[in-house]
Amino acid sequence: MRRGEYMLNIKIQMFPGRSDELKKELADAITNDVTRILGVKEKSISIVFEDVAQSDWDNVVYSEIINDKEKLYKKPGYGTLAE
């Protein structure tokens, strides 16, 4: 990888229970869209899935969302950020 090339890491947090096959399918779809829209090479993209228990969602994920609300491009349809 040369300096100056796009590097992207995408982190997806979700409730547990989705299969590895479904996660792979989603990762492939996201990779295809990112390469098409941003014009980057597939090798520049990494995707991480993190299973977060429903009981931990507010403390782990929603608190991150609230802290980064000025960077948010898609607001959740729940909680204080719901429109």
**Student:** Please report the closest heavy-atom contact between G77 and A82, naming both atoms and the distance.
**Tutor:** C-CB, 3.6 Å
**Student:** Under a 4.0 Å threshold between the charged nitrogen and the carboxylate oxygen, would D28 count as salt-bridged to K23?
**Tutor:**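 So K23 does not pair with D28 through a salt bridge.
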**Student:** For the CG atom of L72 and the CG atom of N67, what is their distance to the nearest 0.5 Å?
**Tutor:** 11.5 Å
**Student:** More than 12 non-hydrogen atoms from neighbouring residues, nucleotides or ligands closer than 6.0 Å to CD on E64, yes or no?
**Tutor:**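 Check passes, neighbour count above 12.
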**Student:** By the definition side chain to side chain contact (heavy atoms under 4.5 Å, CB included), identify the one residue from N9, T35, L38 that meets it with I45.
**Tutor:**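 Considering N9, T35, L38, a side chain to side chain contact (heavy atoms under 4.5 Å, CB included) with I45 is found only for T35.
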**Student:** Can Y78 be reached from M14 by stepping across I, L, V, M, F, W or Y side chains whose heavy atoms are under 4.5 Å apart?
**Tutor:**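 Hydrophobic grouping puts M14 apart from Y78.
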**Student:** Hydrophobic clusters here meaning ILVMFWY residues chained together by side-chain heavy-atom distances under 4.5 Å, can you tell me if W57 and L81 are in one?
**Tutor:**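 The answer is yes; both residues are in one hydrophobic cluster.
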**Student:** Indicate yes or no for a side-chain donor-acceptor contact from D56 to the backbone of V52 under 3.5 Å, with no hydrogens or angles considered.
**Tutor:** no
**Student:** Can you tell if the side chain of L8 reaches within under 4.5 Å of the side chain of V34, non-hydrogen atoms only?
**Tutor:**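 Yes, close enough: below the 4.5 Å cut-off.
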**Student:** Given the rule that I, L, V, M, F, W and Y join up when any side-chain heavy atoms are under 4.5 Å apart, are I65 and V60 in one cluster?
**Tutor:**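 They do share one cluster, since a chain of ILVMFWY contacts under 4.5 Å joins I65 to V60.
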**Student:** Is there a donor-acceptor pair closer than 3.5 Å between any side-chain N or O of S44 and the backbone N or O of V40?
**Tutor:** no
**Student:** Got a second to check how far R18's CZ is from D51's CG, nearest 0.5 Å?
**Tutor:**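 So the CZ of R18 and the CG of D51 are separated by 8.5 Å.
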**Student:** I'd like to know whether I12 forms a side-chain contact (heavy atoms from CB on, under 4.5 Å) with E50, so could you lay out the CA-CA distance, the side-chain angles of the two residues, the decisive distance to 0.1 Å, and finally the verdict.
**Tutor:** CA-CA 6 Å; I12 300 167; E50 180 183 355; over 6 Å; no
**Student:** Return the set of residues passing salt bridge (charged side-chain N to carboxylate O under 4.0 Å, His left out) with D20 (not counting sequence neighbours), or none when no residue passes.
**Tutor:** none
**Student:** Could you list the residues that satisfy side-chain hydrogen bond (donor to acceptor under 3.5 Å, both in side chains) with T80, not counting sequence neighbours?
**Tutor:** Y62
**Student:** Report the distance from atom CZ of F15 to atom CD of Q13, rounding to the nearest 0.5 Å.
**Tutor:** 11.5 Å
**Student:** Under a 4.5 Å cut-off applied to non-hydrogen side-chain atoms, are V48 and I10 in contact?
**Tutor:** no
